[in-house]
Amino acid sequence: MHNVTCLLNNGHLIHHKAGLERIHKTSFYKLVQLIELDLSFNLLKEIPSEAFKQLPKLKTLDLSSNQIDAILDNTFQYLTNLKSLSLVK
C-alpha cells in the first residue's frame with residue numbers, strides 16, 4: 001500500500017508516492033501560481049515537453065525516485081525561475 005500525499009497549499013503541490021505513471025501536457029495549466037512541485041517516488045517514465053509550460057513561478061521541482069530514462073531538451077525551457085531540480089533515481 002502506498003502512503004499517498006497530495007497537498008496544494010500556498011503555491012506548493014506535493015503529490016509523491018501516489019503511483020503516478022504519467023502526466024498529461026496540460027496537467028498543471030491552471031496552477032500558474034505554483035512555486036514548488038513534488039512528484040517524487042512515483043512511476044513516471046517520461047515527462048511531456050510542455051508539461052511545465054504554464055508554471056512561470058515554479059522554483060522547486062522534484063522528480064526524484066521515478067523511472068525517467070530520458071528528458072527532451074526543451075522540457076524545462078519555460079521554468080525561468082527554477083532554482084532547484086531533483087532527478088535522482
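These values consider heavy atoms only, across backbone and side chains, with no hydrogens, waters or symmetry-generated copies.
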Colleague: Looking at side-chain heavy atoms only, is the closest gap between Phe76 and Ile71 below 4.5 Å?
Modeller: yes

Colleague: Any chance you could measure Leu39, atom CG, to Ser65, atom OG, to the nearest 0.5 Å?
Modeller: 12.0 Å

Colleague: Just list the side-chain donor-acceptor pairs under 3.5 Å for residues 48-61, sequence neighbours left out, or say none.
Modeller:
unit_1: Lys57; atom_1: NZ; unit_2: Gln33; atom_2: OE1; d: 2.8

Colleague: Same hydrophobic cluster for Leu63 and Tyr78, using side-chain heavy-atom links shorter than 4.5 Å among ILVMFWY?
Modeller: no

Colleague: Give, for atom OG of Ser64 and atom CG of Asp38, the distance between the pair rounded to the nearest 0.5 Å.
Modeller: 7.0 Å

Colleague: Would Asp62 and Leu37 count as a side chain to side chain contact (heavy atoms under 4.5 Å, CB included) if you check the C-alpha gap in whole Å, the side-chain angles of each, and the deciding distance to 0.1 Å?
Modeller: CA-CA 6 Å; Asp62 189 346; Leu37 178 56; over 6 Å; no

Colleague: Taking atom CG of Leu87 and atom OG of Ser40, what is their separation to the nearest 0.5 Å?
Modeller: 11.5 Å

Colleague: I'd like to know if Ile68 and Leu72 are part of one continuous hydrophobic network [Ile/Leu/Val/Met/Phe/Trp/Tyr, side-chain heavy atoms within less than 4.5 Å].
Modeller: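 In one cluster with Leu72: Ile68, no.
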
Colleague: Is the closest side-chain heavy-atom distance between Leu43 and Leu20 below 4.5 Å?
Modeller: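 Contact flag for Leu43/Leu20 side chains = no.
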
Colleague: For the atom pair OH (Tyr29) and NE2 (His24), what is the distance rounded to the nearest 0.5 Å?
Modeller: 9.0 Å

Colleague: Report the distance from atom CG of Leu34 to atom NE2 of His12, rounding to the nearest 0.5 Å.
Modeller: 8.5 Å

Colleague: What residues, two or more places apart in sequence or in another chain, satisfy salt bridge (charged side-chain N to carboxylate O under 4.0 Å, His left out) together with Lys89?
Modeller: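 Applying salt bridge (charged side-chain N to carboxylate O under 4.0 Å, His left out) to Lys89 gives Asp69.
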
Colleague: Please report the interatomic distance OG1(Thr75) to CD(Glu46), rounded to the nearest 0.5 Å.
Modeller: 10.0 Å

Colleague: Keeping the roles fixed (side chain from Asn42, backbone from Gln67), state whether a donor-acceptor pair exists under 3.5 Å.
Modeller: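 Not at all, since once roles are kept as given, no pair shorter than 3.5 Å links the two residues.
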
Colleague: Take atom CG in Asn74; do more than 12 heavy atoms of anything else shown fall under 6.0 Å from it?
Modeller: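 It does: Asn74 CG has more than 12 such atoms within range.
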
Colleague: Per the side chain to side chain contact (heavy atoms under 4.5 Å, CB included) rule, which among Thr26, Leu31, Val32 passes with Phe28?
Modeller: Leu31

